[in-house]
Asks: 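Quick one: structure below, then a few questions.
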Amino acid sequence: MPKDAVRILVTGAAGKIGYALTPMIARGIMLGPDQPVILHLLDIQPVAESLKGVRMELIDAAFPLLQGILATTDVNEACKGVNIAVMVGGFPCKEGMERRDVMHKNAPIFKAQASALEQHAAPDCKILVVANPANTNALILKEFAPSIPVKNITCLTRLDHNRALSHISERLNVDVRDVKNVIIWGNHSSTQYPDANYATATTDSGEKSVRELVADDHWIDSEYINSVRERGAEIIKARKLSSALSAASAACDHVHDWIIGTAKGTWVSMGLYSDGSYGIQPDIIYSFPVTCQKGEWSIVQGLKINEFSREKMDASMKELTREQSLAYSCLNQT
């Protein structure tokens with residue numbers, strides 16, 4: 001039987017990530033090759049003409065799965081009946097701006113979008129926040145969309161997770177599909193902790209731990225962590241623009257695994273509202289390792305945390321608690 005179309009909202013759809021993301025969704029990369037979709041594209045009035053151009057290109061691509069496109073600058077219209085919301089749009093960090101400045105700009109944006117989703121989205125709407133600071137933007141959204149289940153609000157750390165996989169793949173000269181179970185703990189920022197302690201890779205001699213295969217603790221505990229953390233800055237330096245294609249691909253991966261499920265024996269990283277697992281403060285959005293089945297995520301439990309990891313995980317938690325206070329301060333000023 002044909003499936004009913006899923007309505008997917010993409011905010012910031014006229015931007016670079018939106019331009020890369022929307023055709024991926026329409027081609028079935030996010031939800032599979034047999035799932036029809038209707039795209040709701042939202043952006044701000046100054047780029048309304050660019051948004052119209054994105055809509056025209058999507059039409060001209062003749063994607064068989066794409067059953068409709070709504071392109072609008074009205075946030076309430078954009079949110080009507082959506083089943084999945086990918087929140088890409090936000091005020092970007094410009095030269096000379098501090099994190100506080102970006103939060104002050106983004107807090108009211110996410111407050112307004114949260115209110116629109118609260119009023120108009122489907123009751124089971126699943127939300128992925130991509131716009132930075134992603135963890136704290138997701139927390140703001142949670143605060144102002146109280147009827148949306150907290151388990152349905154997530155933020156993107158899958159890009160960091162994918163980077164972590166690819167760095168190990170290159171180091172070991174194996175296919176990236178043969179590496180699994182890295183972890184991104186914490187914030188999507190320079191305090192994130194890319195943890196390879198439970199990662200494995202499959203080689204000609206079978207599946208072994210990455211630490212054993214690399215045989216270089218300095219690389220695992222220093223160079224690898226820093227290279228994953230700094231990859232976004234390297235891309236900006238090279239392109240003079242922030243990551244777009246890889247961010248769009250990671251957003252598809254995040255939603256795909258959330259809805260379709262993770263492979264047996266494999267986990268991924270997602271930013272979630274903490275339930276206190278691993279000693280993480282329970283009222284922040286923090287990245288954990290998860291498995292997914294039937295549209296639900298579960299935090300991987302029982303992993304042993306050594307002193308080195310504990311220190312790094314706690315540092316990111318402390319940064320997020322500071323961001324939480326800063327975000328609420330910004331909201332009180334609006």
Side-chain angles (χ1 to χ4, degrees), residues 7-13 15 17-18 21 40-44 74-93 99-100 102-159 186-189 247 250-251 254-255 258-259 270-275 281-288 290 295 297 319-334:
R7 292 183 178 271
I8 303 176
L9 167 66
V10 177
T11 71
I17 295 176
L21 176 61
H40 290 220
L41 310 180
L42 175 69
D43 219 311
I44 56 176
D74 183 328
V75 65
N76 291 303
E77 183 183 17
C79 291
K80 284 181 180 174
V82 294
N83 308 108
I84 296 169
V86 186
M87 317 301 284
V88 177
F91 194 91
C93 184
R99 206 166 177 87
R100 170 186 289 273
V102 180
M103 264 188 219
H104 191 77
K105 294 284 188 181
N106 276 314
I109 293 171
F110 273 82
K111 180 179 177 180
Q113 291 177 346
S115 297
L117 287 165
E118 169 81 4
Q119 294 176 55
H120 303 294
D124 62 346
C125 180
K126 286 180 164 56
I127 300 170
L128 166 62
V129 176
V130 177
N132 287 317
N135 298 59
T136 301
N137 286 341
L139 185 65
I140 293 168
L141 199 148
K142 175 258 174 193
E143 291 294 322
F144 292 95
S147 73
I148 295 175
V150 68
K151 63 184 177 62
N152 284 14
I153 299 173
T154 66
C155 82
L156 187 72
T157 55
R158 183 60 177 268
L159 176 55
N187 198 2
H188 176 63
S189 74
H254 176 113
V255 176
W258 189 2
I259 304 293
M270 292 171 61
L272 314 165
Y273 192 66
S274 172
D275 64 356
Q281 182 176 314
D283 58 350
I284 56 175
I285 303 282
Y286 191 97
S287 182
F288 292 93
V290 302
W297 54 259
E319 181 184 55
L320 282 166
T321 58
R322 291 193 298 269
E323 284 192 10
Q324 178 191 50
S325 298
L326 180 56
Y328 290 155
S329 172
C330 292
L331 286 167
N332 289 334
Q333 296 170 24
T334 59

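The chain is numbered in sequence order, starting from 1.
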Asks: Before you tell me yes or no, could you show the steps for Glu323 and Asn135 under side-chain hydrogen bond (donor to acceptor under 3.5 Å, both in side chains), namely the whole-Å CA-CA distance, both residues' side-chain angles and the distance that decides it to 0.1 Å?
Replies: CA-CA 9 Å; Glu323 284 192 10; Asn135 298 59; over 6 Å; no
Asks: So how far is it from Lys111 NZ to Ile140 CD1, rounded to the nearest 0.5 Å?
Replies: 10.0 Å
Asks: Listed by chain and number, what are the side chain to side chain contact (heavy atoms under 4.5 Å, CB included) partners of Ala78, not counting sequence neighbours?
Replies: Leu9, Leu42, Thr72
Asks: When you measure from the side chain of Glu118 to the backbone N and O of Phe144, does any donor-acceptor pair fall under 3.5 Å?
Replies: no
Asks: Is it true that a side-chain atom of Thr154 and a backbone atom of Ile127 form a donor plus acceptor pair closer than 3.5 Å?
Replies: yes
Asks: So, using side-chain hydrogen bond (donor to acceptor under 3.5 Å, both in side chains) as the criterion, who are the partners of Asn76 when residues are at least two apart?
Replies: His120
Asks: Given side chains that start at C-beta, do those of Leu139 and Tyr328 come closer than 4.5 Å, heavy atoms only?
Replies: yes
Asks: If you compare all heavy atoms of Asp43 against all heavy atoms of Ala13, which two are closest, and at what distance to 0.1 Å?
Replies: OD2-N, 3.2 Å
Asks: Can you list the steps and then say if Asn83 with Asp124 is a side-chain contact (heavy atoms from CB on, under 4.5 Å)?
Replies: CA-CA 7 Å; Asn83 308 108; Asp124 62 346; 4.2 Å; yes
Asks: Using 0.5 Å steps for rounding, measure from the SG atom of Cys125 to the CD1 atom of Ile8.
Replies: 10.5 Å
Asks: Determine, stepwise, if the pair Thr321 / Gln281 fulfils side-chain hydrogen bond (donor to acceptor under 3.5 Å, both in side chains).
Replies: CA-CA 8 Å; Thr321 58; Gln281 182 176 314; 4.8 Å; no
Asks: Measuring only between side-chain heavy atoms, which start at C-beta, is Met87 closer than 4.5 Å to Leu117?
Replies: yes
Asks: Answer whether the closest heavy-atom distance between the side chains of His188 and Cys155 falls below 4.5 Å.
Replies: no
Asks: Indicate the ring-plane relationship of Phe288 and Tyr286, choosing parallel, tilted or perpendicular according to the 30° and 60° boundaries.
Replies: tilted
Asks: Which heavy atom of Thr157 sits nearest a heavy atom of Gly271, and at what distance?
Replies: OG1-N, 3.7 Å
Asks: What is the distance from atom OG of Ser287 to atom CZ of Arg158, rounded to the nearest 0.5 Å?
Replies: 11.0 Å
Asks: Keeping Thr11 on the side-chain end and Val88 on the backbone end, is there a donor-acceptor pair under 3.5 Å?
Replies: yes
Asks: Residues two or more places apart in sequence or in another chain: which of them pass side chain to side chain contact (heavy atoms under 4.5 Å, CB included) with Asn152?
Replies: Lys126, Ile148, Pro149
Asks: Would you check if Lys151 and Trp297 make a side-chain contact, meaning some heavy-atom pair closer than 4.5 Å?
Replies: yes
Asks: So which heavy atom on Leu128 is nearest to which on Leu156, and how close?
Replies: CD1-N, 3.6 Å
Asks: Tell me the closest heavy-atom pair linking Val75 and Ala116, and the distance in Å.
Replies: CG2-CB, 3.7 Å
Asks: Start with the C-alpha gap between Thr136 and Ile285, add the side-chain angles, then the distance that decides, and say whether side-chain contact (heavy atoms from CB on, under 4.5 Å) holds.
Replies: CA-CA 7 Å; Thr136 301; Ile285 303 282; over 6 Å; no
Asks: Of the non-hydrogen atoms in Gly18 and Val10, which two are nearest, and what is the gap between them?
Replies: CA-CG1, 4.5 Å
Asks: If I compare all heavy atoms of His40 with all of Glu77, which pair ends up nearest, and what's the gap?
Replies: ND1-O, 4.2 Å
Asks: Could you measure the distance from the CD1 atom of Ile284 to the OH atom of Tyr273? Nearest 0.5 Å is fine.
Replies: 9.5 Å
